[in-house]
Amino acid sequence: MEDRIIIFDTTLRDGEQSPGCSMTVEEKLRMAKQLERLRVDVIEAGFPIASTGDFEAVRRIAGMVETSSVAGLSRTVLSDIDRTWEAIREARKPRIHTFIATSDIHMTHKLKKTRAQVLSDAQRAVAHARSLCPDVEFSCEDASRSDMEFLCEIAEAVIESGATVLNLPDTVGYSVPAEYGAMFRTLRERVPRTSGIILSAHCHNDLGLAVANSLAAVENGVRQIECTVNGIGERAGNAALEEIVLALKVRSERLRVKSSVNTEEIYRSSRLLTNLTGMVVQRNKAIVGANAFAHEAGIHQDGMLKSALTYEIMTPQSVGITHSTLVLGKHSGRHAIKKRCEELGYNLSAEELERVYGEFCTIADQKKEVFDEELLAIVEAVEPGAQEQYRLEALHVSTGTNVRPTATVELKSGEDRLVDSATGDGPVDAAMEVLRKCVSDVADIRLEEYHVDAIRGGTDALVDVRVRLSKDGKILTSRGARADIIMASVEAMIAGMNRLLREEHENRGKNPR
Ligand SMILES: [Zn+2]
């Protein structure tokens, strides 16, 4: 019999707190919904004590998720644990995840506590959490650089206090596979009581070994892996969920364990996250990169044509990548759009369909054919239910040889109309400049990054623009998809401004860790 591996997704906690990956409450809810469709076992929804925005996101995810467990992270401070419990108590399967650093480096320099103090903090925290919640995970932060004797001592103590899961993270991405696996093997030998709980791995990718380390842990008795979609996370990121899940699946005869993840939802989860955060995955990224299933080298193609088994260890279909030839055009009605979206995995509400259809018609008017990838970009660029403070009413651009590029923009904000014009180094620059002039309360936003992609490669393709904006240290990415590059840029910019304003409103007093 194969053992089951618990997939603990921390995209919304460890992933989200890394630079450039922050999401609004609404965006986190969308991602959580998709994670549930992906059938991860545990969704770590956030760090409730970090801010009211974090608390609210965790609370709403806990109330919404039906099948997965919902975990909230907490330090060992008892009032933090109470606050975390408050956020997750409505979940069908709540889990309190509490942690304290156990390496001498962290205890001495960060916590300024002795081993005895850390041990007693951990025991007290776990016992308190357990008095509130039947499922309690304890993590020894920086476990891979902690003293093995002390790890065993603390494991014994927290199991005694009621921990149901013990996580030993490689917080700084320092370990190598044999060593990380051995840590678990030694722990199991020296602390037999670990057989009554779940051991968990949590690896960072600083040396590119997060997935390898996680699998080494599995080979040494670990039955929970903590990971993130696309491997997002602090610095070089966390272990990538898609790589772990496919490794477990493709190599099940060797690893002899299995997960419950629905691999056909992997590609969609990856795309949604990219869309929400703007963190694009590299083309050669395993499983979800654009080239992951491309066999272009002549000798490989020859082999593939003779038998897919020659070079293909898994199929694109198994991770939900579909290649369709269906083309929509300006005469396609609402019904056809709705149906195609459903086939691509998006069940649009009536309101969403209206907005997607509106966008689609504008684009189909300009270009004859709309392909699946382009339809997806349209769907993903439409934010559900978002209140938009600024709307584009009109845009005029002039450019050419011997002309200073000039843009005129008309925006609507409630009943107000804002019109202005500006010049720039190019038409996009001029359009950006005029937006900044129009919208005084986001005048201090900075354009950090500007990225253009033609979705199907040709000049007649839909243009996908992503912009990275910052304001008062807050960074976010937004997106616009249009047939026209300047329109797409302006749409992306306005969507980003609207989100910055919304978040400022939502996250008053946010002070992330
Ligand atoms: Zn981490």
Side-chain angles (χ1 to χ4, degrees), residues 6-23 28 31 35 40-50 54 57-58 69-76 80 84 95-103 105-107 110-111 122 125 136-146 151 154 163 165-177 179-180 183-184 198-218 222 224-244 273 277 279 512-513:
I6 294 168
I7 297 294
F8 177 111
D9 180 279
T10 185
T11 305
L12 296 173
R13 203 277 301 166
D14 216 355
E16 200 264 351
Q17 71 184 19
S18 63
C21 290
S22 67
M23 292 179 238
K28 287 183 190 172
M31 193 64 210
L35 290 171
V40 301
D41 300 284
V42 185
I43 296 172
E44 185 163 55
F47 190 35
I49 200 77
D54 264 40
V58 177
S69 294
V70 176
L73 184 69
S74 173
R75 292 178 300 187
T76 49
D80 282 16
T84 297
R95 174 185 290 186
I96 295 175
H97 179 194
T98 185
F99 74 98
I100 193 163
T102 54
S103 65
I105 305 173
H106 278 231
M107 289 189 291
K110 188 178 79 175
L111 299 176
V136 175
E137 171 169 341
F138 177 76
S139 287
C140 300
E141 190 187 2
D142 205 20
S144 55
R145 291 192 300 172
S146 299
L151 278 184
I154 213 159
V165 180
L166 175 62
N167 181 41
L168 300 185
D170 183 25
T171 306
V172 292
Y174 177 72
S175 215
V176 293
E179 175 190 38
Y180 191 63
M183 176 177 69
F184 287 99
I198 302 278
L199 290 177
S200 167
H202 176 116
C203 299
H204 280 266
N205 209 29
D206 298 68
L207 294 173
L209 293 170
V211 171
N213 285 340
S214 304
L215 295 179
V218 167
V222 159
Q224 172 177 288
I225 302 179
E226 305 195 353
C227 47
T228 60
V229 173
N230 294 345
I232 66 165
E234 301 269 19
R235 308 181 308 275
N238 288 56
L241 179 144
E242 59 278 4
E243 296 174 21
I244 288 185
L273 184 68
T277 62
M279 278 287 255
R513 193 165 64 112

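Order of listing sets the numbers, starting from 1, for every ligand and every atom in it. For this chain, numbers begin at 1 and follow the sequence in order.
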### Query
Do the ring planes of His202 and His204 sit parallel (below 30°), tilted (30 to 60°) or perpendicular (above 60°)?
tilted
### Query
Hey, which of Asp170, Asn213, Thr171 is the one that makes side-chain contact (heavy atoms from CB on, under 4.5 Å) with Ser144?
Asp170
### Task
May I ask you to check whether Glu226 brings an N, O or S atom to under 2.8 Å from the Zn ion (ligand 1)?
no
### Message
Between the Zn ion (ligand 1) and Asp14, which N, O or S atom of the residue is the nearest one?
### Response
OD2
### Query
Can Glu141 and Lys110 be counted as an ion pair, charged N to O under 4.0 angstrom?
yes
### Query
In terms of the angle between their ring planes, are Phe8 and His97 parallel, tilted or perpendicular, with boundaries placed at 30° and 60°?
perpendicular
### Query
If you check every N/O/S atom of His204, which is the one nearest the Zn ion (ligand 1)?
NE2
